[in-house]
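To start, the structure itself, in structure tokens.
All ligand and atom numbering here is 1-based and tracks the order in the structure. Just so you know, these numbers come straight off a predicted model, no measurement behind them.
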Amino acid sequence: MSSTASLQAPERPLEEHAIKVVDLKKRYGSGEDSTLALRGLTFSIDRGEFIAIIGPSGCGKTTLLNILGALDRPTSGKVYLDGVDVSRLGNKELAEVRSRKLGFVFQDFNLLSRMSVVENVELPMFIAGSDPELSRRRALSLLGRLGIAHKAGKNVNHISGGERQRVAVARALANDPTIVLADEPTGNLDTRNTEMMMGLMKQLHDEFRKTLVIITHNPEVAAHAQRVISIRDGSIVDIRRN
Ligand SMILES: Nc1ncnc2c1ncn2[C@@H]1O[C@H](COP(=O)(O)OP(=O)(O)O)[C@@H](O)[C@H]1O
Ligand SMILES: [Mg+2]
């Protein structure tokens, strides 16, 4: 059996969740100096849902997103992505899940500054071992759908802030993930750029049909989501529908 086959759930009932988390705990360090950053979270996110996770600084949002994004492992509890129990996967399989199922939009976008717009979008496809010619075509097509194909050859340092947002979103979509995770994507943006970013997030959800999880401490950003999960001190204190 190939490693890819082992990642597929044998049956995929319609009610299967995009993300399901059961009694998730994360402790950093050990002994007296340790921090229990997540204290037993249980929730699920439907396929195609748009969720905001909100809470004050230090409450565990990034810790949670890193675990949902297969970038880190829980201390205990279960995490299912598309029905696959990722808490049981080895490093190689985890990297494969990350590459195939997940797209990321980071705060400040983390674009590679020595590279062009199109090269930044190709990067996740390159990492996944995709054919270079197909990757170039797909990257250009994504840039087209996001309205910046005309900047494809520009260095990412020589485009505007709004254009950089578009590149970050195109890159998140590169491997056609089912789930996109965004950690404070508007964290360092002014009002106008926050609105532009939320327009892109809506497009990602409505037109590209992705399951979208945005972490934010901004209630105006959270107001765009279908449901809002509120976290305080590593615990869920509220889940409500907008
Ligand atoms: N790598 C780490 N090592 C030790 N403690 C950490 C680490 N990352 C985060 N923490 C701690 O875990 C808690 C949650 O942090 P974090 O998930 O970054 O919160 P948020 O993203 O909501 O600001 C905080 O108390 C933080 O200091
Ligand atoms: Mg954070």
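- Taking distance alone, with nitrogen or oxygen atoms compared against 3.5 Å, T35 stays at or beyond that limit from ligand 1.
- When the shell of 6.0 Å around NZ of K20 is examined, it contains 12 or fewer heavy atoms from other residues, nucleotides or ligands.
- Not a single donor-acceptor pair under 3.5 Å links the side chain of R227 to the backbone N or O of I51.
- Scanning the protein for heavy atoms near atom 19 (O) of ligand 1, the closest one is G60 N, 3.2 Å.
- Scanning all protein heavy atoms for the shortest distance to atom 9 (C) of ligand 1 gives Y28 CE1, 3.3 Å.
- Interatomic distance, K25 NZ to I67 CD1, rounded to the nearest 0.5 Å: 13.0 Å.
- Salt bridge present: E96 and R100 bring a charged side-chain N and a carboxylate O closer than 4.0 Å.
- In terms of protein heavy-atom proximity, atom 18 (O) of ligand 1 is closest to T62 CB, 3.8 Å.
- Here the NE2 atom belonging to H158 is positioned 10.5 Å from the CZ atom belonging to R164, to the nearest 0.5 angstrom.
- Checking each of I179, V21, I53, T211 against I45 for a side-chain contact (heavy atoms from CB on, under 4.5 Å) leaves exactly one that passes, namely T211.
- For atom 16 (P) of ligand 1, the closest non-hydrogen atom on the protein side is T63 OG1, 3.7 Å.
- Between the S135 side chain and the D131 main chain, a donor and an acceptor come within less than 3.5 Å of each other.
- For ligand 1 and P56, the ligand atoms under 4.0 Å from any heavy atom of the residue are 22 (O).
- The cationic group of R171 does not satisfy the cation-pi geometry with F104, failing either the under 6.0 Å distance to the six-membered ring centre or the 45° limit from the ring axis.
- For the side-chain contact (heavy atoms from CB on, under 4.5 Å) with K26, the qualifying choice from L36, T63, T35 is T63, the only one to do so.
- Of the inter-residue distances, the one linking L181 atom CG with K101 atom NZ reads 13.0 Å to the nearest 0.5 angstrom.
- Remark: ligand 1 atoms within the under-4.0 Å shell around heavy atoms of S57 are 23 (O).
- A donor-acceptor pair under 3.5 Å is absent between the side-chain atoms of E195 and the main chain of R192, judged by distance alone.
- Of the candidates A37, G58, G234, it is G58 that places a heavy atom closest to atom 20 (P) of ligand 1.
- For a distance threshold of 2.8 Å, the protein N, O or S atoms nearer than that to the Mg ion (ligand 2), listed by chain and number, are T62 OG1.
- The shortest separation from a heavy atom of G55 to ligand 1 is not under 4.0 Å, leaving the residue out of contact.
- Under the 4.0 Å distance rule, the nearest protein heavy atom to atom 26 (C) of ligand 1 falls outside the cut-off.
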